[in-house]
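Let me begin by presenting the structure, written as structure tokens, before commenting on it.
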Number of protein chains: 2
Amino acid sequence: MTTINDIARLANVSRSTVSRCLNNNGYVSEEAKERIDKVIKETGYMPSQSAQTLRTKKSGVVGVILPKISTETASRVVSGINAVLQNNGFQLLLTDTSLDPAKEIEFIRLLQAKHVDGIILLATNTEKELLQAIEASKVPIVALGQEIPNIASVTYSDYAATQDMLAYFLEKGHKHIGYIGVYEEDPAVGVIRKQAFMDKMKQLDLVLKDNWVEQGDFSIESGYEAMKRMVESDKSNLPTAVFVATDNMAIGTMQYLKEASYRIPADIAVGSIGASTLSAFVEPTLTTVDFLNEEAGERVATLMLQAFNGKKNTEKLRHSYRLIKRDSV
Amino acid sequence: MTTINDIARLANVSRSTVSRCLNNNGYVSEEAKERIDKVIKETGYMPSQSAQTLRTKKSGVVGVILPKISTETASRVVSGINAVLQNNGFQLLLTDTSLDPAKEIEFIRLLQAKHVDGIILLATNTEKELLQAIEASKVPIVALGQEIPNIASVTYSDYAATQDMLAYFLEKGHKHIGYIGVYEEDPAVGVIRKQAFMDKMKQLDLVLKDNWVEQGDFSIESGYEAMKRMVESDKSNLPTAVFVATDNMAIGTMQYLKEASYRIPADIAVGSIGASTLSAFVEPTLTTVDFLNEEAGERVATLMLQAFNGKKNTEKLRHSYRLIKRDSV
DNA sequence: TTCTTTTGTGGAATCGATACCACATTTTAG
DNA sequence: CTAAAATGTGGTATCGATTCCACAAAAGAA
């Protein structure tokens with residue numbers, strides 16, 4: 001590997017001059033500059049990032065902590081983040097926690113040892129240990145999807161979107177509405193969406209039978225099973241619509257309903273959140289909410305850049321959304 | 001940030017001893033070890049990766065060059081790669097070329113400046129400049145999806161899979177078969193799949209009208225347009241089946257056919273390659289080939305690990321596949 | 001007992017960059 | 001015409017680790 005010393009020697013200047021030329025700060029004469037540029041071109045020299053990082057404490061790398069790397073949401077978000085950061089000369093270091101909260105903490109520390117300039121966290125919980133690890137971090141951390149005390153974040157409009165969907169159900173004449181959600185360790189998806197649902201139901205004074213509320217684990221199968229449990233618990237007394245917390249579970253829900261010969265939406269309508277590609281192609285097409293993940297990714301990335309520019313902020317941005325009305329409601 | 005010097009001072013030993021203890025090589029007494037471990041635990045010290053990298057030339061990071069970060073294939077592959085490498089203590093540095101061949105080359109050089117230990121390349125072409133950049137690389141490079149001279153790779157079974165699909169068409173009684181492919185800069189998808197198709201057609205002595213061959217650009221829309229062109233060019237003389245090079249284009253193809261009131265597969269059957277999630281949910285469900293991307297990712301990652309262990313190999317692995325017979329044929 | 005060998009430790013060089021400082025030379029100002 | 005400011009360059013310390021070498025003390029062998 002050619003180093004800055006080789007360049008200095010070949011161009012007949014000191015290492016300092018090469019460095020000044022590279023970073024164009026300080027004075028460098030035209031002749032020197034030309035000689036150096038020529039040598040650099042010839043040798044294909046690129047400065048060693050690790051040496052630069054060691055010296056300057058800047059690596060040009062941003063760490064991203066994802067709950068699961070191979071989901072549509074993750075890849076959209078990453079794409080948005082990458083679009084912004086790559087343009088600003090940053091690379092992404094991806095880590096996948098496989099939904100293991102302990103790993104979130106581990107990675108926060110590991111990424112710091114790697115001297116990332118910042119961390120973008122797609123958290124799935126807000127446990128105390130996590131908050132401590134964040135607090136202790138030497139590099140800026142921004143969050144996407146969950147609101148976390150003292151740090152800047154972009155969050156989705158879980159509350160508003162859920163209520164909008166309910167309003168839309170009502171508009172379509174539904175008064176008996178069921179709910180399929182996820183576990184409550186996940187504040188955004190598990191807690192807020194459910195809260196929004198419950199609040200709205202109470203506000204509208206609608207009945208909600210106990211067996212109209214079910215829970216899954218994000219997977220298509222779990223949506224299938226949840227709906228099955230709901231139907232089998234009391235066939236004579238079913239809701240005319242079901243709000244499902246995620247697209248995938250909604251697709252499972254629809255699978256079961258079709259198998260059990262319920263017509264969608266005539267017998268039971270289904271609405272959810274996610275706007276997965278799939279949602280546009282299932283039969284019937286799924287009414288859902290687009291959280292504009294890619295845009296949201298761009299937005300956290302922008303927040304990250306702002307943090308780099310010294311702006312100490314703990315801004316909490318709520319990202320917009322779009323209700324996509326299709327055939328399932 | 002606490003450094004190795006702080007640890008040395010607090011534990012009352014020299015920096016060398018701490019280092020030896022950390023890497024457990026050389027002699028360290030039990031007492032010293034205990035004191036050091038205690039101090040490390042208390043301070044939460046982690047060695048600076050950039051200093052280590054600078055000194056040892058090993059970064060624990062593997063670069064991945066992707067044509068496009070937010071595709072289902074990419075995320076499956078990355079997930080497979082990550083599963084293997086993360087377990088072996090490596091992190092992934094992702095780059096997205098946005099299908100720009102110049103960026104592939106740029107990233108190969110950039111990643112080296114970042115001192116990645118190796119590069120996994122999902123190439124979209126095999127142009128001379130790219131091969132030169134690979135040749136010039138100081139770190140091991142392995143490829144996925146394209147066969148590249150002198151380097152180890154995992155490639156998909158494009159040829160065999162295409163011919164298998166044709167055989168299946170025949171089995172179902174189709175003799176008039178059309179083809180929708182992509183541009184030929186892409187050796188794997190553009191050239192080999194087409195070659196396999198043409199070879200088999202010739203071998204079976206089947207007629208192939210000029211207007212039965214069309215081209216798209218991987219997108220759903222381009223599949224729609226390609227099929228439209230085929231149909232409109234000569235409605236009275238259409239194939240009874242179409243092989244489409246990718247799932248997405250096949251889905252576009254089916255969209256057009258349905259709009260134009262052709263029944264699938266009764267009037268025209270459709271088969272493709274990709275096994276996207278979508279393919280299982282469209283109406284009718286799409287007959288396709290599963291290239292087992294995640295497994296393939298694990299496999300290149302393993303190849304990468306072997307390269308780290310000094311095994312100089314240029315093995316060319318062909319990954320297996322599965323024909324998924326569904327309703328569109 | 002004396003001579004090797006093993007065990008344990010610290011000093012110093014090194015990796016490849018940056019940045020501060022000192023110094024020389026040129027340019028500009030008063 | 002001299003003082004001050006601007007320009008250009010090299011020397012050297014430094015970032016935080018690893019690693020080789022020298023050396024001392026303890027253990028084992030002769």
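Side-chain atoms are counted along with the backbone in the values below, which use heavy atoms only and exclude waters and symmetry mates. Bear in mind the structure is a predicted one, so any value in this text is a computation, not a measurement.
Among the nucleotides D:dA17, C:dG16, C:dG8, the one closest to the side chain of B:T3 is D:dA17.
A straight line from OH of A:Y27 to C1' of C:dT25 spans 13 Å, rounded to a whole angstrom. In this structure, the NZ atom of B:K114 is 14 Å from the P atom of C:dA17, given to the nearest Å. In this structure, A:R15 places its CZ atom 9 Å from P of D:dG11, rounding to the nearest Å. Rounded to an integer number of Å, the gap from CG of A:N12 to C1' of D:dT9 is 13 Å. At whole-Å resolution of the value, CG in B:N24 and P in C:dG8 are 14 Å apart. Note: CD (B:Q52) to P (C:dG16) measures 16 Å, nearest angstrom. In this structure, CG of B:N5 is placed 7 Å from P of D:dA17, rounded to the nearest angstrom. If you take CG of B:N25 and C1' of C:dT7, they are 14 Å apart, rounded to a whole angstrom.
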Problem - Nucleic acid footprint by protein, nucleotides 20-28 of chain D - heavy-atom cut-off 4.0 Å, B for base, S for sugar-phosphate alone - result: ---------

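Under a 4.0 Å N-O distance rule, the pair A:R76/A:E72 qualifies as a salt bridge. A salt bridge is absent between A:E295 and A:R299; no separation between the charged side-chain nitrogens and carboxylate oxygens falls under 4.0 Å.
Listed by chain and residue number, B:Y183 satisfy the ring-ring contact (aromatic ring centres under 6.0 Å, His included) test with B:F218 (two or more places apart in sequence, or in another chain). With sequence neighbours excluded, no residue forms a salt bridge (charged side-chain N to carboxylate O under 4.0 Å, His left out) with B:E106. Residues satisfying the ring-ring contact (aromatic ring centres under 6.0 Å, His included) criterion with B:F291, sequence neighbours excluded, are B:Y156. With sequence neighbours left out, the ring-ring contact (aromatic ring centres under 6.0 Å, His included) criterion links A:Y27 to no other residue.
B:S19 comes within contact range of at least one nucleobase, with a heavy-atom separation under 4.0 Å.
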In residues 112-134 of chain B, what donor-acceptor pairs under 3.5 Å come from side-chain atoms, sequence neighbours left out?
unit_1: B:Q112; atom_1: OE1; unit_2: B:K138; atom_2: N; d: 2.9
unit_1: B:Q112; atom_1: NE2; unit_2: B:I108; atom_2: O; d: 3.2
unit_1: B:K114; atom_1: NZ; unit_2: A:S59; atom_2: O; d: 3.4
unit_1: B:H115; atom_1: NE2; unit_2: A:S48; atom_2: OG; d: 3.0
unit_1: B:D117; atom_1: OD1; unit_2: B:S59; atom_2: N; d: 2.8
unit_1: B:D117; atom_1: OD1; unit_2: B:S59; atom_2: OG; d: 3.3
unit_1: B:D117; atom_1: OD2; unit_2: B:S59; atom_2: N; d: 3.4
unit_1: B:D117; atom_1: OD2; unit_2: B:G60; atom_2: N; d: 2.7
unit_1: B:T124; atom_1: OG1; unit_2: B:E104; atom_2: OE2; d: 2.9
unit_1: B:N125; atom_1: OD1; unit_2: B:E127; atom_2: N; d: 2.8

Only distances under 3.5 Å count here; give the side-chain donor-acceptor pairs of residues 63-71 of chain B to other protein atoms, sequence neighbours excluded, each with its distance to 0.1 Å.
unit_1: B:T71; atom_1: OG1; unit_2: B:A74; atom_2: N; d: 3.0

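Residue pairs meeting the ring pair (Phe, Tyr, Trp, His ring centres under 6.0 Å) criterion with at least one partner in residues 35-67 of chain B, sequence neighbours excluded, do not occur; the list is empty.
For DNA chain C, the neighbouring residues in residues 29-47 of chain B, judged by any heavy atom under 4.0 Å, are B:S29, B:A32.
Between D:dG10 and A:S14, a contact under 4.0 Å exists linking OP1 or OP2 to a side-chain N or O. Dashed line: the shortest gap from a side-chain N or O of A:T17 to OP1 or OP2 of D:dG10 is under 4.0 Å.
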